Each structure stands twice: as structure tokens, then as C-alpha cells.
K.L.:
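The structure that follows is given in the form of C-alpha cells.
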Amino acid sequence: MKTARIYQRPKNAMQSGRARTDAWILEFEPGEQQRPDPLTGWAGSGDTSNQLRMGFPTLEAATAYAERAGIAYHVIAAPERKLKLQAYADNFVSRTGL
């Protein structure tokens, strides 16, 4: 039986936007270990299910699909968003306490 993980895509660290971070992703865990190809040296395996990634608008939709298809799954909680509130004026505050 295949197992899958359901998670929310984290925010891209290289950009300030939050595009596509509200969608939920279902992807399969690797079924067999990767091994190097003797000719090219690339790592690979005969299991192609890890190439499949499906997106869902809500967690309930993703879990409903997994249950309907008979896929064992586990949900990875989204990381908590931390807001770092700063004001431009904080750059000019005297650090000596005067």
C-alpha cells in the first residue's frame, strides 16, 4: 500500500509574496531506495510514483481524495507564520540610550 504526505507549500524564502501557499499538496513517499545508474551515475529507481504531485484547495479535499482512493496518508502541519513588525523609524533610534 502506498503512503502519501499532505502538506502546505511553505513561503518562498527568496521572495516576499505568499502566492500558492494556501494550497495543499499530496505527494507519495518513495517506495524503494534510489541507486546509482552504472552508465550515467545518476540516482534513480523503478518507482515512478514519487514524480506525482497533486494540488488541492483545502486540507479536507486532499484527505477526502486519499481516503476515496485508498491511500494511507499523514498530514504535515504548516509552519507557523511569524510576523516581524518593524517601523522605518526604528533604524534611526539612538542605540546609546540618550
Side-chain angles (χ1 to χ4, degrees):
M1 175 183 250
K2 293 279 184 190
T3 58
R5 62 185 140 217
I6 299 173
Y7 64 94
Q8 264 186 315
R9 184 182 314 210
K11 184 180 97 57
N12 186 352
M14 301 301 289
Q15 299 191 4
S16 62
R18 297 193 186 277
R20 301 183 341 181
T21 59
D22 56 344
W24 288 84
I25 307 295
L26 182 141
E27 67 179 16
F28 291 98
E29 294 183 351
E32 61 183 61
Q33 186 177 8
Q34 292 187 344
R35 56 192 178 282
D37 182 30
L39 183 61
T40 62
W42 293 3
S45 69
D47 183 24
T48 59
S49 64
N50 61 351
Q51 299 173 7
L52 181 64
R53 180 179 294 164
M54 293 180 275
F56 296 93
T58 62
L59 174 62
E60 291 78 22
T63 55
Y65 172 80
E67 291 172 358
R68 191 171 53 248
I71 301 169
Y73 65 91
H74 63 277
V75 177
I76 300 173
E80 185 177 323
R81 292 182 181 166
K82 298 178 184 175
L83 294 176
K84 185 177 179 184
L85 299 176
Q86 292 181 332
Y88 182 69
D90 292 343
N91 293 333
F92 304 103
V93 174
S94 174
R95 303 211 190 276
T96 60
L98 298 176

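Computed from a predicted model, the values in this text were never measured in an experiment.
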K.L.:
Enter the distance from Thr63:OG1 to Arg68:CZ here, rounded to the nearest 0.5 Å.
P.N.:
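Going from the OG1 atom of Thr63 to the CZ atom of Arg68 covers 10.0 Å.
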K.L.:
Nearest 0.5 Å, please: how far is OG1 in Thr3 from OH in Tyr73?
P.N.:
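Those atoms lie 13.0 Å apart.
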K.L.:
Give, for atom NZ of Lys11 and atom OG of Ser16, the distance between the pair rounded to the nearest 0.5 Å.
P.N.:
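With rounding to 0.5 Å, NZ (Lys11) is 6.5 Å from OG (Ser16).
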K.L.:
Under 4.5 Å between side-chain heavy atoms, hopping through other hydrophobics if needed: is there a path connecting Phe56 to Leu59?
P.N.:
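They do share one cluster, since a chain of ILVMFWY contacts under 4.5 Å joins Phe56 to Leu59.
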K.L.:
Of the non-hydrogen atoms in Pro36 and Gly41, which two are nearest, and what is the gap between them?
P.N.:
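Heavy atoms only, the tightest pair is CB-O, 4.2 Å.
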K.L.:
Is it true that, when you exclude Glu32 itself, more than 12 heavy atoms of the residues, nucleotides or ligands shown sit nearer than 6.0 Å to its CD?
P.N.:
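Result for CD/Glu32: enclosed.
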K.L.:
Following the transitive rule for hydrophobic clusters with a side-chain heavy-atom cut-off under 4.5 Å over Ile, Leu, Val, Met, Phe, Trp and Tyr, establish whether Tyr7 and Val75 coincide in one cluster.
P.N.:
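Tyr7 does not cluster with Val75.
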K.L.:
Determine whether a donor-acceptor pair (N or O, by modelled atom type, separation under 3.5 Å) exists between the side chain of Thr21 and the backbone of Arg18.
P.N.:
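Yes: the side chain of Thr21 pairs with the backbone of Arg18.
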K.L.:
Do Gln34 and Asn50 have side chains that approach each other closer than 4.5 Å (heavy atoms only, starting at C-beta)?
P.N.:
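Side-chain contact under 4.5 Å: yes.
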K.L.:
Is there a path of hydrophobic side-chain contacts, each under 4.5 Å between heavy atoms of I, L, V, M, F, W or Y residues, that connects Ile76 with Trp24?
P.N.:
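No; Trp24 is not reachable from Ile76 via cluster members.
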K.L.:
Counting only heavy atoms not in Tyr65, do more than 12 sit closer than 6.0 Å to its OH atom?
P.N.:
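Atom OH in Tyr65 is not crowded, with 12 or fewer foreign heavy atoms closer than 6.0 Å.
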K.L.:
Is there a donor-acceptor contact under 3.5 Å linking the side chains of Asp47 and Ser45?
P.N.:
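Note: Asp47 and Ser45 side chains miss the donor-acceptor criterion.
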